[in-house]
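Written out below as structure tokens is the structure these notes cover.
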Amino acid sequence: TPRRPLAGRHAIVTSGPTHEAIDPVRYLANRSSGRQGHAIAQALAEAGARVTLISGPVALPDPPGVTTRHVVSAREMHDAVRAALPAEIAVMCAAVADWHVEPQARKLKKTGVAPTLTLVENPDILADIAHHPARPELVIGFAAETETLLDHAAAKRIRKGCDWILANHVGAGSDVMGGNDNEIVLITQAGADVWPRMSKTEVAARLTSRIIEALK
Ligand code: C5P
């Protein structure tokens, strides 16, 4: 029906940061608030999709009408995304940590010599889902860029094997990360589409319209 154009479709959305434990009490993280991913999950649900939101630690309520699974680390997020397949739509909005820390069983102690943390690369959830045998029909990623946004994001779309990339600026002077507004360039196989600055809720609505169009 026109009011629930995504009825019968399953969408997986990732959102928020991941936390990577340094020891039992400390972690590495980033400034992602989860606002954009949560807004996308809610917009897709309002359009009739069954939505599984896989969220890292955020201070936001679970969006209404969405099944939310809470995870902490990138490896937990990866497992939860794979367990949620199959789906027609995947929107990987989370700011996944690139590395985890080689595990320490005990709390690090201040000894006068600063400890060395050994970082180990995390799985790339977006690239994995884009190359999965049960790949969703539409795989969408984000690119938070600080420089030469368009070139980097277009190359990322190819490298990750996803269909679309929503690129945004997060450099110095930008208030996108953690803020209410977003500035998006949508990169598809057809080229780049520059969106005006708008709220994260409006970005979610506009992306949902594009998804509805693409799956028609
Ligand atoms: O490589 P980069 O982190 O810039 O790519 C960003 C995109 O890839 C986002 O869509 C993000 O959710 C996704 N990503 C991921 N798993 C990672 C790193 C990034 O799914 N380990």
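Predicted, not measured: the structure shown is a model, and the values here were computed from it. All ligand and atom numbering here is 1-based and tracks the order in the structure.
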Check: Ala95 N/O within less than 3.5 Å of ligand 1 N/O: no
Got a sec, which hydrophobics cluster with Met77, joining ILVMFWY side chains under 4.5 Å apart, including via others? Ile12, Ile54, Val71, Val81, Leu85, Met92, Val96, Ile125, Leu126, Ile129, Val139
Candidate with minimal heavy-atom separation from atom 11 (C) of ligand 1, of Ala144, Ala94, Gly141: Ala94
Taking the side chain from Asp23 and the backbone from Gln104, do they hold a donor-acceptor pair closer than 3.5 Å? no
Sub-3.5 Å N/O-N/O distance, Met92 and ligand 1: yes
Do any N or O atoms from the side chain of Asn30 and from the backbone of Ser32 form a donor-acceptor pair under 3.5 angstrom? yes
Nearest-0.5 Å distance that lies between atom NE2 in His100 and atom CG in Leu28: 11.0 Å
Backbone or side chain, does any N or O of Asn122 fall under 3.5 Å from an N or O of ligand 1? no
Nearest-0.5 Å distance, CG of residue Leu119 to CD of residue Glu102: 9.5 Å
Indicate yes or no: does an N/O atom of Thr14 lie under 3.5 Å from an N/O atom of ligand 1? no
Below the 3.5 angstrom mark, is there an N/O of Ile125, backbone or side chain, next to an N/O of ligand 1? yes
Looking at ligand 1, does any of its N/O atoms fall within less than 3.5 Å of an N/O of Leu126? yes
Checking heavy-atom distances from atom 18 (C) of ligand 1 to each of Val139, Ile165, Val96, Thr18, the winner is Val96
